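Throughout, a chain's letter reflects where its sequence line sits, starting with A, and its residues are numbered from 1. On a predicted model such as this, the values are computed, not experimentally measured, just so you know.
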2 protein chains.
Amino acid sequence: MSKKTTIYDIAKALDITAATVSRALNNNPRISADTKKLVLDTAEKLNYKRNGLAAALKSGKSNNVGVILPFINRNFFSTVIRGIEEELIPKGYHIIICQTHEDEKKEMETVQNLLNAQVDGILISLSRQTDNIEHFTQVLKKNVPLIFFDRKMDIRGASSVTLDDYQGAYNATQHLIEQGCTKIAHMTVDPSLLIYKNRYEGYRNALLDNELEVYPEFTVNLKSEIEAGREAARKLMDLENPPDAIFSATDLGALGAIQHLKSINVKIPEDFCVVGFSNEPFTQFMELPISSVDQSPLLMGKTAAKVFLEQMDSKDVKIQKSMVLTPTLMIRQSSTKLKS
Amino acid sequence: MSKKTTIYDIAKALDITAATVSRALNNNPRISADTKKLVLDTAEKLNYKRNGLAAALKSGKSNNVGVILPFINRNFFSTVIRGIEEELIPKGYHIIICQTHEDEKKEMETVQNLLNAQVDGILISLSRQTDNIEHFTQVLKKNVPLIFFDRKMDIRGASSVTLDDYQGAYNATQHLIEQGCTKIAHMTVDPSLLIYKNRYEGYRNALLDNELEVYPEFTVNLKSEIEAGREAARKLMDLENPPDAIFSATDLGALGAIQHLKSINVKIPEDFCVVGFSNEPFTQFMELPISSVDQSPLLMGKTAAKVFLEQMDSKDVKIQKSMVLTPTLMIRQSSTKLKS
DNA sequence: TTATATTGCGCAATCGATTACATTAAGTTA
DNA sequence: TAACTTAATGTAATCGATTGCGCAATATAA
């Protein structure tokens with residue numbers, strides 16, 4: 001276990017001081033080209049590796065950024081992460097990923113932990129439960145960039161990258177209307193979360209703009225689970241005047257609904273259309289591929305990362321950016337009544 | 001932006017030295033209970049937060065562990081991560097996740113980066129390409145625990161947690177045989193990777209143990225993609241003497257095969273059985289749920305984390321552990337010819 | 001009562017890199 | 001040539017926490 005070589009070792013080898021070595025390694029213009037080369041060569045020879053911790057301690061910059069999200073094992077989130085990585089790793093950052101499991105308390109703890117670990121920034125997608133903002137004001141007070149993605153909260157000083165959920169929902173609903181559906185139901189999850197509220201509004205306004213009635217009993221809340229989708233579809237179809245289409249705010253909900261509809265021999269898409277939301281991979285694998293709204297998770301991650309980098313580059317100026325990505329409707333068989 | 005409080009601030013407030021404060025905070029037995037209480041109270045009052053970087057620099061322990069894997073946006077891997085987190089976060093560790101995208105060069109870079117960041121340990125699932133071991137011996141030389149999961153390499157000093165791929169494949173094949181299939185084909189990916197080699201061996205030996213012939217043309221290599229599965233199935237069915245079952249080393253391969261089989265009106269499971277590997281979520285969502293071998297990713301992650309903790313607890317003693325988890329065959333409709 | 005533990009805490013070095021502030025030598029200008 | 005730049009490097013403090021060693025005060029033993 002050979003001791004790691006430090007700048008002092010290099011200094012000793014060249015009979016100069018550690019300060020000079022440090023400057024040479026950092027390509028400081030006040031160091032002569034000759035010395036730089038000597039230092040670089042010796043560093044190489046001695047197999048020198050910069051001790052990130054020491055540098056971090058002194059400079060206050062850890063080169064770590066924290067990413068907080070509800071779950072990692074969901075395609076949407078893991079793809080966002082991939083986007084973040086693609087931007088940040090090449091810049092020398094490390095990504096610390098933390099899951100909240102939709103638990104506000106855990107979210108608050110995690111923020112504290114990351115702050116103690118001296119992260120240079122925090123990218124976060126809110127837990128469902130969260131309504132406290134104290135932990136976020138703490139982040140901002142410490143002048144640590146805070147960027148929300150997907151699930152945001154409006155806080156002065158925090159940036160955000162979100163999807164235009166309203167537009168996505170509007171487009172999906174409009175598409176169903178264009179397919180000839182007139183009694184369109186909506187499955188939502190937790191209307192207290194902004195994203196679901198926006199999806200509902202998009203759905204609602206598309207109906208209104210097309211002079212279709214908005215039946216309250218056509219909007220059902222459910223957990224984002226497949227069984228819940230089945231159950232909700234059952235209830236909808238048991239109505240006196242059942243719907244002829246469903247726009248679901250989640251893909252699993254849509255899938256559950258389709259399963260129930262098939263089980264009661266409803267023909268999709270001939271007699272019933274379904275559109276989901278998130279464009280989860282399975283939607284295209286199904287025997288009956290499911291139409292869905294794509295959230296561009298890769299782009300969202302990259303964008304959030306870029307916003308973070310901007311904020312780092314100009315720590316003095318206070319930047320606050322709110323970016324909204326445009327969703328893409330992926331039209332598949334589950335809603336293709338008419339061939340266009 | 002108030003300056004962070006340090007142990008010196010606490011010391012000054014109580015008119016004692018920072019050394020005492022440090023010891024009190026670390027619950028050192030040489031500090032009196034009274035002093036400890038005072039320090040703790042004052043720390044609370046001044047909103048003191050330990051600077052992890054400083055502690056890390058001094059102690060050489062960063063409380064970060066690196067997790068390296070090919071992709072994060074695959075259910076198997078993201079669930080392994082969840083398992084790792086569940087064990088390590090409560091112990092105060094942070095998890096730095098890095099993706100190799102199956103690129104050996106990137107893997108080597110990543111290992112270097114993590115080492116420079118002074119991680120306390122590295123948990124890794126090999127990239128497909130990797131055959132170099134230099135970067136791993138470097139890790140071990142620095143006395144940093146190295147634990148492989150799922151995709152391993154045999155290196156002195158490194159531990160591993162893997163699945164008994166052989167057994168999983170054997171059971172799957174045996175199950176197909178018990179369903180009455182006699183001409184069982186096998187879709188594999190990259191036979192140079194140990195996991196696929198073992199799956200092949202399991203398949204092969206199950207056939208041999210049942211005195212079934214092993215036809216070379218029944219084993220096909222493919223990428224882990226759905227189209228490849230379709231294509232491979234086409235080739236298999238075009239054989240003079242086509243198979244009556246497929247055991248695929250990947251779920252996407254199985255799905256692609258099923259899609260092709262359906263398209264040529266082969267009845268599953270009546271006339272043809274299919275079993276996949278990995279138990280990806282979609283396998284149970286399908287209209288025809290696909291049998292698959294579950295890899296217990298959560299358990300794998302937890303186990304790998306525990307092995308790491310063990311190694312940390314006894315840094316002096318050299319522990320090398322190889323753990324093999326038992327797979328579970330999830331029998332679903334795609335291979336249920338006979339009701340048991 | 002003297003010798004010896006034990007308890008509680010301070011002193012100061014240390015981890016490795018960074019950087020404001022000298023300092024020295026060489027080059028330039030008038 | 002004196003006065004002044006400029007270039008290149010050195011000095012030493014600093015980031016915040018940890019820890020071996022030592023010392024004083026109190027407790028225990030002989």
Non-hydrogen side-chain atoms of Phe149(B) and Leu123(B) separated by less than 4.5 Å: yes

Nucleotide dC9(C), atom P - distance to CG of Asn28(B) in whole Å: 10 Å

Sugar-phosphate, base or nothing in reach of Ile16(A), heavy atoms under 4.0 Å: sugar-phosphate

Of Tyr48(B) and Arg30(B), the one whose closest DNA chain D nucleotide lies more 5': Tyr48(B)

Partners passing ring-ring contact (aromatic ring centres under 6.0 Å, His included) against Phe77(A) (at least two apart in sequence or in another chain): none

Atom pair distance, as rounded to whole Å: CZ in Arg23(B) and C1' in dC21(D): 10 Å

Asn116(A) CG - dA17(D) P separation (whole Å): 11 Å

Under 3.5 Å: donor-acceptor pair, side chain of Gln118(B), backbone of Ala56(B): no

Rounded interatomic separation in angstrom, taking CD1 from Ile31(B) and P from dT7(C): 13 Å

Candidates dT11(D), dG16(D), dC9(C) - which lies nearest the side chain of Ala19(A): dT11(D)

Presence of Thr6(A) side-chain N/O under 4.0 Å of dC15(C) phosphate oxygens OP1/OP2: no

Glu107(A) side chain to Ser127(A) backbone, donor-acceptor under 3.5 Å: yes

Lys4(A) NZ to dG16(C) P, straight-line distance once rounded to whole Å: 7 Å

Position toward the 5' end of DNA chain C (nearest nucleotide), Leu57(B) or Thr20(B): Thr20(B)

Distance in angstrom units between Asp15(A) CG and dA8(D) P, rounded: 19 Å

Length of the NZ-C1' vector between Lys36(A) and dA8(D), whole Å: 11 Å

